[in-house]
Amino acid sequence: MSVTRLVTITGTGGIGKTRLACRVAAEVSRAFDDGVWLVDLSEVPDGSSVVAAVSVLVGKPAEFNEHTALKLAEYLAPKTALLVLDCCDHFVASTATLCAFLLRSCQGLRILATSRQALGIGGEAVFRVPPMTVPRDELQLPVRGISQFEAITLFRERAATVVPEFGLTDTNLAAIYEICRRLDGIPLAIELAAIRLRTMSVEQILQKLPDSHSLLSVGTRGAPARQQTLRQSIDWTRDLCSAEERALWARLSVFEKSFDLDAAEGICAGNLAADEVLDLLTSLIDKSILIRVDHGATARYRLLGTLRDYGREQLQDNTEYLSLRRLHRDWYARLVTQANSEWISRHQGDWIVRLEAEQPNLRAALEHCVAEQDDVGRSAGLQIAVALYPFWCAQGMLGEGRQWFARVLDGAHGRPSADRIEGLYAAGVLAALQGDIPAARALIDDGIKHTAHAADKHVVLLDFYAEGRHAILRGHFTRAKMCFGNAVSVSRNHGTPLQQVCAWLGLALASGLSGDTVRVQLCLRSISEIGDSRGTETYRGWIQWISALTAFQHGDLEQAGSMVKDCLRSASRVNDRLGITGCLEISAWIAVRKRDARRTAVLLGAAHAVGESCSVFPQLLTYHAHCEQQARRALDDRAFEVAYSNGSDTCVDDVVAFVLGETQTTNPSRSGSDTTLTRRERQVAHLVSKGMTNRAIASELVISQRTAQGHVEHILAKLGFNSRSQIAAWIAEQGYRSEAPNQALLTRRAGFEDCEKRVS
């Protein structure tokens with residue numbers, strides 16, 4: 001017996017509901033002695049005609065009256081049959097009433113329905129069809145690996161029907177990936193794009209995608225009218241919505257990627273009350289217009305790109321959209337300001353997760369600030385950039401931070417504000433961390449000039465920071481200690497917790513670089529007191545890093561190694577890429593001192609990959625250069641490069657496990673034919689087999705959700721799979737202890753198998 005007698009397949013237009021239902025019906029048809037009936041309700045003129053349409057399809061008389069439903073039930077009651085009701089969207093209430101009546105009256109009947117929203121009756125099992133899988137980054141996998149993803153496979157198959165000689169190559173792969181990504185893995189959109197290969201190249205299709213509704217307007221004549229073009233499919237969806245739902249859909253188009261409830265209420269509510277916004281969001285989810293996604297402890301919502309573009313078209317005029325953009329800008333300016341004020345607190349980890357999720361919206365807000373030619377926009381841009389500086393630093397987003405500071409500082413002329421001075425200082429630090437010393441000096445010098453005659457305590461504090469950093473860049477450590485010592489004194493009485501921590505960190509760094517171990521320990525105790533009272537993680541890791549550096553400089557390799565591991569644990573918990581990079585550097589220096597040249601090369605490669613554009617402090621470059629020179633000499637250039645490449649190709653989480661001694665070696669091979677999983681990948685595969693989501697896996701293993709997603713993608717590529725259910729089966733075959741896959745069923749293929757089981 002099946003778990004339920006009614007399964008409803010839901011999802012946005014063009015996602016493949018009808019195709020999935022037909023495939024399921026074909027696969028399970030043998031289980032139904034009296035047959036399978038497919039009823040297309042898309043052409044039914046009104047709700048009262050639903051019963052008539054079903055009766056005609058199953059072979060009942062054409063004379064319809066108020067007793068038709070009863071006669072239909074009498075006809076179906078003795079039969080063992082499957083009724084497939086396709087496209088129930090416009091007449092959900094009528095269809096739901098009929099289904100409830102038939103299921104009560106006909107014990108041998110099973111119903112499989114497709115709709116953009118659930119029917120909402122007792123006993124209904126709902127499967128939401130997700131978009132096809134698209135790799136997170138086309139550069140992560142070779143052709144053999146990336147071709148395993150559903151969206152890429154579909155494009156390739158449909159393209160081959162138009163151009164028989166078409167195939168994936170290294171030259172067209174990036175464009176195909178970008179097409180599938182921009183179309184959000186929607187099968188109908190991908191198929192319509194592939195059809196254009198009759199007259200266009202892949203690259204030309206990609207260039208035309210901003211005008212997607214025009215580009216995707218040619219379909220297959222045999223398809224239902226609503227599926228012949230993407231525009232018609234979305235128009236069909238819009239017709240399901242009330243005026244209030246349409247208006248909110250249009251306003252939600254101001255967001256990039258995803259958003260949370262607070263943002264929707266704060267930016268898009270208009271005259272609606274908070275509970276009304278929540279109700280409308282729920283309705284848009286029910287109608288498969290919004291997708292609910294989990295991020296940390298908060299639910300977020302996402303409009304697929306094609307639906308977002310359509311929503312923006314529905315805004316009354318450009319003035320309305322511009323007003324929404326300004327509300328969006330101001331709301332996110334307040335959000336990052338709050339994040340900055342709570343950065344030194346127990347909420348830091350939560351803010352890191354939230355700001356990671358909000359990156360597309362924050363970039364959009366900054367872009368709007370840069371585009372605006374008024375003082376309000378320029379001021380907001382500086383405010384956002386300054387508030388995000390600690391986050392950019394901690395997450396190793398140095399290049400991005402520098403680019404935004406360059407753009408917002410360029411437009412902020414006139415009388416220097418505290419935000420401009422702080423922006424110059426922050427941009428200088430980011431440049432220094434990238435090893436761009438001339439740019440760092442120029443930016444910090446500019447900030448110092450603006451603070452020369454300032455009386456404001458905040459600006460004076462910035463002056464001490466700038467002077468101290470300036471002195472460190474020039475190797476004047478005595479001067480640096482004096483400047484940061486003054487900053488400590490001022491921040492005690494007039495600074496925020498973040499400013500206090502920055503002052504102590506500056507003093508600790510200057511003291512450590514000069515070999516003043518006594519002063520370092522004093523600084524570390526003071527920072528620990530601030531951190532311990534507020535529960536911050538990032539700065540605890542940086543404290544441990546400075547301690548490790550000091551121990552290394554004094555030749556205490558065991559103490560340095562122990563502190564590096566403590567730092568690495570702290571840094572990895574909050575995805576602090578800057579801290580992780582620093583730990584990998586010191587670990588490499590320790591390894592070469594212990595004459596482990598291969599480990600040294602692996603760690604240097606990993607540090608380069610994790611840090612991307614991060615650089616060790618200028619004064620520490622000699623350690624880096626000496627370390628690399630010694631490792632090359634102990635190995636040879638070829639062996640060094642192999643080990644270095646091994647480290648640079650290994651994901652962050654595996655590198656951390658390597659340093660902590662949880663793995664004996666790294667195994668970065670990403671070839672589609674390589675079925676050897678790393679220890680961490682085996683752990684992830686086991687959790688996938690238990691039906692856990694990426695978020696749940698991240699929580700279980702204490703890693704970021706982004707890292708968990710990367711592990712799953714690597715596992716799929718290595719094993720040549722394209723669904724999580726295949727991973728579960730593989731785990732079972734390998735003899736690992738695992739439970740049955742979760743019935744939430746996270747992929748299209750798993751959904752097919754689930755529907756098949758339920759209706760058979």
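Position 1 is the first residue of the sequence; numbering continues from there.
Here E74 contributes atom CD and C106 contributes atom SG; the two are 9.5 Å apart, rounded to the nearest 0.5 Å. Taking OH of Y332 as the start and CG of L362 as the end, the distance is 7.0 Å to the nearest 0.5 Å. Annotation: the span from L240 atom CG to D286 atom CG amounts to 12.0 Å, rounded to 0.5 Å. To the nearest 0.5 Å, the span separating CG on L252 from SG on C268 amounts to 4.5 Å. Rounded to the nearest 0.5 Å, atoms CD1 (I195) and CD1 (I190) are 12.5 Å apart. In this structure, the separation between CG on L85 and OG1 on T8 is 9.0 Å, given to the nearest 0.5 Å.
No hydrogens or angles considered: a donor-acceptor pair under 3.5 Å links the side chains of D86 and T114.
In this structure the side chain of L102 reaches within 4.5 angstrom of the side chain of L72, judged on heavy atoms. Looking at heavy atoms from C-beta onward, T97 lies out of side-chain contact with I121 at the 4.5 angstrom threshold. Between C87 and W236 the shortest side-chain heavy-atom distance falls below 4.5 Å. In this structure, the side chains of V28 and R23 stay at 4.5 Å or more apart for every pair of heavy atoms.
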(request) Check step by step if side chain to side chain contact (heavy atoms under 4.5 Å, CB included) holds for L41 and V44. (result) CA-CA 5 Å; L41 299 178; V44 173; 3.9 Å; yes

(message) Quick one, D40 with L57, criterion side chain to side chain contact (heavy atoms under 4.5 Å, CB included). Give me CA distance, side-chain angles, the key distance, then yes/no.
(response) CA-CA 9 Å; D40 183 359; L57 262 295; over 6 Å; no

(request) Test S115 against V92 for side chain to side chain contact (heavy atoms under 4.5 Å, CB included), laying out the working first. (result) CA-CA 8 Å; S115 175; V92 170; 4.2 Å; yes

(message) As a quick check of understanding, evaluate side chain to side chain contact (heavy atoms under 4.5 Å, CB included) for F155 and F166, giving each step before the final call.
(response) CA-CA 10 Å; F155 187 95; F166 182 87; 3.9 Å; yes

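Remark: the backbone N or O of T319 is not paired with any side-chain donor or acceptor of S323 at under 3.5 angstrom. Remark: side-chain polar atoms of Q204 are paired, donor with acceptor, to backbone N or O of S201 under 3.5 angstrom. Looking at R312, its side chain does come within 3.5 Å of a backbone N or O of S253 through a donor-acceptor pair. Formation of a donor-acceptor pair under 3.5 Å by the R110 side chain with backbone atoms of L83 is not found in this model. Not one N or O on the side chain of D89 forms a donor-acceptor pair closer than 3.5 Å with the backbone of S42. Of the possible donor and acceptor atoms, none in the side chain of R182 sits under 3.5 Å from a partner among the backbone N and O of G305. Side-chain atoms of R302 do not come within 3.5 Å of backbone N or O of I291 as any donor-acceptor pair. Within the 3.5 Å criterion, the main-chain N or O of G123 finds a donor-acceptor partner in the side chain of T4. Between the side chain of N361 and the backbone N or O of S258, at least one donor-acceptor pair lies under 3.5 Å.
Minimum heavy-atom separation, C369 to I384: SG-CD1, 4.2 Å. When all heavy atoms of R128 and S288 are compared, the pair lying nearest together is NH1-OG, 4.1 Å. In terms of heavy atoms, A118 sits closest to T10 at N-CG2, 3.9 Å. Considering all non-hydrogen atoms of both residues, A151 and C180 come closest at O-SG, 3.6 Å. The shortest non-hydrogen separation linking A81 to D34 is CB-CB, 4.4 Å. Residues I289 and L307 come closest through the heavy atom pair O-CD1, 3.4 Å.
Checked against side chain to side chain contact (heavy atoms under 4.5 Å, CB included), L272 has the following partners two or more places apart in sequence or in another chain: R251, E276, V277, L280. Taking D235 as the reference, R231 meet the salt bridge (Lys or Arg N to Asp or Glu O under 4.0 Å) condition, with sequence neighbours excluded. For the side chain to side chain contact (heavy atoms under 4.5 Å, CB included) test, residues two or more places apart in sequence or in another chain that qualify with R104 are A100, F101. For S29, the side chain to side chain contact (heavy atoms under 4.5 Å, CB included) test picks out V36, with sequence neighbours left out. Take S49 and apply the side-chain hydrogen bond (donor to acceptor under 3.5 Å, both in side chains) test, not counting sequence neighbours, and it matches D46. Take R158 and apply the salt bridge (Lys or Arg N to Asp or Glu O under 4.0 Å) test, not counting sequence neighbours, and it matches E191. In this structure R326 satisfies the salt bridge (Lys or Arg N to Asp or Glu O under 4.0 Å) test together with E372, sequence neighbours excluded. Here K287 pairs with E245 under the salt bridge (Lys or Arg N to Asp or Glu O under 4.0 Å) rule; sequence neighbours left out. P360 meets the side chain to side chain contact (heavy atoms under 4.5 Å, CB included) test with E256, K257; sequence neighbours excluded.
By the 4.0 Å N-to-carboxylate-O rule, R181 lies close enough to E178 to be salt-bridged with it.
The salt bridge (charged side-chain N to carboxylate O under 4.0 Å, His left out) analysis of residues 355-371, with sequence neighbours excluded, yields the pairs R300-E358, E356-R706, R363-E400, E367-R407. The list of salt bridge (charged side-chain N to carboxylate O under 4.0 Å, His left out) pairs with a residue in residues 264-273, not counting sequence neighbours, is empty. The list of ring-ring contact (aromatic ring centres under 6.0 Å, His included) pairs with a residue in residues 252-282, not counting sequence neighbours, reads F255-F259, F255-H328, F259-Y301.
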